[in-house]
Number of protein chains: 2
Amino acid sequence: MDNKEISQAVIGRLPRYFRFLGELKDEGVERISSQELSDIMNVTASQIRQDFNNFGGFGQQGYGYNVAYLYEEIGRILGLDKTHKLIIIGAGNLGQALANYTNFDRRGFLFKGIFDCDPSLYGKKIRSMEIRPMEELEDFVKENEIDMAVLTIPKASAAQVARRLSHTGIRGIWNFAHVDLDVPDGIQVENVHLSDSLMKLAYNINRSENQMLPGFESQLMDEK
Amino acid sequence: MDNKEISQAVIGRLPRYFRFLGELKDEGVERISSQELSDIMNVTASQIRQDFNNFGGFGQQGYGYNVAYLYEEIGRILGLDKTHKLIIIGAGNLGQALANYTNFDRRGFLFKGIFDCDPSLYGKKIRSMEIRPMEELEDFVKENEIDMAVLTIPKASAAQVARRLSHTGIRGIWNFAHVDLDVPDGIQVENVHLSDSLMKLAYNINRSENQMLPGFESQLMDEK
DNA sequence: AAAATATTGTCAATTCATTGACATTCCCTT
DNA sequence: AAGGGAATGTCAATGAATTGACAATATTTT
């Protein structure tokens, strides 16, 4: 297996492949060709083959791909064969919702603790975990060998918390705060900017409405 | 203003521009050059100018961009000058968390109702809105001229709900269910696949660990 | 066992996105 | 009011991602 960098465009598609292959596997499908997968997933067969070949050949010429094998390999590429210990920082609505979302566990993302700076929340239990004060953050991460931190705190405090985390040995931050975090090399950040996503939806709605209505130019003219 | 299609790559960057410009505006910054913005945002000045010019020239040669004006224009492009009425379908952890997230209102995304199929939730209030039974969905959307539906339901029921929505005049679906929805033209779907995002983070953590450790090839060899 | 068929892996072509370069235009100072 | 300086808008060049094409190779059938 070679060492060349895989583009994030490819990585971004892997989870979707993984999902479809998992479903096919559950349905008992044993083998699939890139063309069949293409039909199901609405991407070109060429792209599918190109994507998989970034990681070496998983298929058999004249046969196709073994679903269960491919599923497992992609899982391995994504690092899902290993478990990850995560903590949630910020026990607001979103933090608590994510803490209660048990599906992540099934993929090896283990919920190990939740923190907040609001004393009135200390001790409250979420999935049998007490909400802990922020003061305990660093020690907890080190003692429990936490890999990942989920940031569900207001943007104002996110940068500071990220800075604190960067000295703890944490490997990745799943950032729901609406800021760009600046972290040292070796710490990965994955942003989930919900409001950005909602704005994109607003744009696309807007655009499709303008496309449908005849004479929309005049509307635009109005606004000087 | 011309009618040519703008690439989603560009659209995807607009919310981030919007955020930075909003912050600059709040700080009282009046004008900014593409180069200054480039330094702040870590994208090339050329890309910034190219992006803005998709929508016509917002700047002044020799001067730069007026922050407040540019902010407003991008908001307009994103459709944030209009209000959007949204409902949430699925009053589980995530649905309730989003319902309680008041920041969306500030951008004109108005929370108008929340639905669930669990009778034990009917009547429970969230931000002074009762949780409604799914049976009332179609009538409610039509009577209240709802634009957007937020889908925070399990994947099993998402396709069916999307089908029901497609007959109501809804314009967009913000989809948190882990499936690809198939909707008619004219209805926009924006997916938020949290587990995909988490897998990407897992991949990048994994990759960076392999890069750092010398002799990681031998680890790969082990697995036959 | 050989021929026919299917499908990958990969190279080349194309399309799309980003970056670089610079003429043009406007601001600002003198 | 005129000239120098600054920064846009835009075109061209580069680079990245996607698609198309096909030789190589395995499977399946006869």
Side-chain angles (χ1 to χ4, degrees), chain A residues 1-17 20-21 24 29-74 77 200 203 207, chain B residues 1-17 20-21 24 29-74 77 200 203 207:
Chain A
M1 211 138 302
D2 37 357
N3 208 355
K4 70 167 180 295
E5 192 85 3
I6 309 293
S7 83
Q8 289 295 312
V10 174
I11 304 310
R13 286 191 290 267
L14 292 183
R16 188 156 176 268
Y17 290 129
F20 276 88
L21 289 166
L24 287 165
V29 178
E30 269 189 17
R31 68 186 242 188
I32 195 160
S33 69
S34 59
Q35 186 55 58
E36 290 169 303
L37 198 52
S38 157
D39 294 339
I40 298 172
M41 294 187 64
N42 267 315
V43 293
T44 63
S46 186
Q47 179 162 78
I48 290 171
R49 295 202 297 277
Q50 195 83 278
D51 282 350
F52 293 167
N53 267 78
N54 280 293
F55 307 96
F58 297 140
Q60 292 271 286
Q61 278 159 328
Y63 175 89
Y65 298 89
N66 178 291
V67 171
Y69 172 70
L70 185 55
Y71 175 77
E72 201 185 326
E73 283 300 314
I74 293 179
I77 291 164
K200 273 194 279 177
Y203 172 86
R207 179 185 52 104
Chain B
M1 212 138 302
D2 39 353
N3 209 356
K4 68 166 182 295
E5 192 85 5
I6 311 292
S7 83
Q8 289 294 312
V10 174
I11 304 310
R13 286 191 290 266
L14 293 183
R16 188 156 177 269
Y17 290 130
F20 275 88
L21 289 166
L24 287 165
V29 178
E30 269 188 20
R31 69 185 241 189
I32 196 159
S33 69
S34 59
Q35 186 54 58
E36 290 169 303
L37 199 51
S38 157
D39 294 338
I40 298 173
M41 295 187 64
N42 267 316
V43 293
T44 63
S46 186
Q47 178 162 79
I48 290 171
R49 295 202 297 277
Q50 195 83 280
D51 282 349
F52 293 167
N53 267 78
N54 281 291
F55 307 97
F58 298 141
Q60 294 269 286
Q61 278 158 327
Y63 175 88
Y65 299 89
N66 178 292
V67 171
Y69 173 70
L70 185 54
Y71 175 76
E72 201 185 328
E73 284 300 313
I74 293 179
I77 291 164
K200 271 193 280 177
Y203 171 86
R207 179 186 52 105

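Values in this document were obtained by computation on a predicted structure and should not be read as measured data. Convention: sequence-line order gives letters A, B, ...; per-chain numbering from 1.
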Discussion item. Tell me whether the side-chain N/O atoms of B/Gln50 come closer than 4.0 Å to OP1 or OP2 in C/dT18.
Written reply: no

Worksheet item: Under 4.5 Å between any side-chain heavy atoms of B/Ile40 and B/Leu24, yes or no?
Response: yes

Worksheet item: Distance-only, no hydrogens or angles: does the A/Ser38 side chain make a donor-acceptor pair with backbone N or O of A/Val43 under 3.5 Å?
Response: yes

Worksheet entry | Rounded interatomic separation in angstrom, taking CD from B/Gln35 and C1' from C/dA21 | 14 Å

Practice prompt. Starting at atom OH of A/Tyr63, determine the distance to atom P of D/dT29, rounded to an integer number of angstrom.
Written response: 13 Å

Worksheet item: With a 3.5 Å cut-off and no angle check, do the side chains of A/Asp39 and A/Gln35 form a donor-acceptor pair?
Response: yes

Worksheet entry | Distance test, side-chain N/O of B/Gln47 to OP1/OP2 of C/dT18, below 4.0 Å | yes

Practice prompt. Tell me what B/Ser46 touches on the nucleic acid: a base, only sugar-phosphate, or nothing, going by heavy atoms under 4.0 Å.
Written response: base

Worksheet item: Contact class for B/Tyr65 (heavy atom, under 4.0 Å): base, sugar-phosphate, or nothing?
Response: sugar-phosphate

Worksheet item: What integer distance in Å separates A/Asp51:CG from D/dA16:C1'?
Response: 14 Å

Worksheet item: Can you check the A/Met41 CE to D/dT18 P distance for me, whole Å?
Response: 13 Å

Discussion item. C/dC11, OP1 or OP2 - any side-chain N/O from A/Arg49 closer than 4.0 Å?
Written reply: no

Worksheet item: Closest to the B/Gln61 side chain: C/dC28, D/dT8, D/dT19?
Response: D/dT8

Worksheet item: Could you state the CD-P distance from A/Glu36 to C/dT7, rounded to the nearest angstrom?
Response: 7 Å

Discussion item. If you compare every side-chain N and O of A/Thr44 against the phosphate oxygens of D/dT19 (OP1, OP2), does one of them come in below 4.0 Å?
Written reply: yes

Item to complete: Quickly, which of B/Phe58, B/Phe52, B/Tyr17, B/Phe20 forms a ring pair (Phe, Tyr, Trp, His ring centres under 6.0 Å) with B/Tyr65? Name it, please.
Response: B/Phe52

Item to complete: Between D/dA17, D/dT28, C/dT8, spot the one nearest the side chain of A/Ser34, thanks.
Response: C/dT8

Worksheet item: Looking only at side-chain N and O atoms, does A/Arg31 come under 4.0 Å of OP1 or OP2 in D/dT28?
Response: yes

Fill in: d(CD, A/Gln8; P, D/dT18) in whole Å
13 Å

Worksheet item: Can you check whether A/Tyr69's main-chain N or O pairs, donor with acceptor, with A/Glu72's side chain at less than 3.5 Å?
Response: no

Fill in: Rounded distance (Å) that lies between atom C1' of D/dT10 and atom CZ of B/Phe58
16 Å

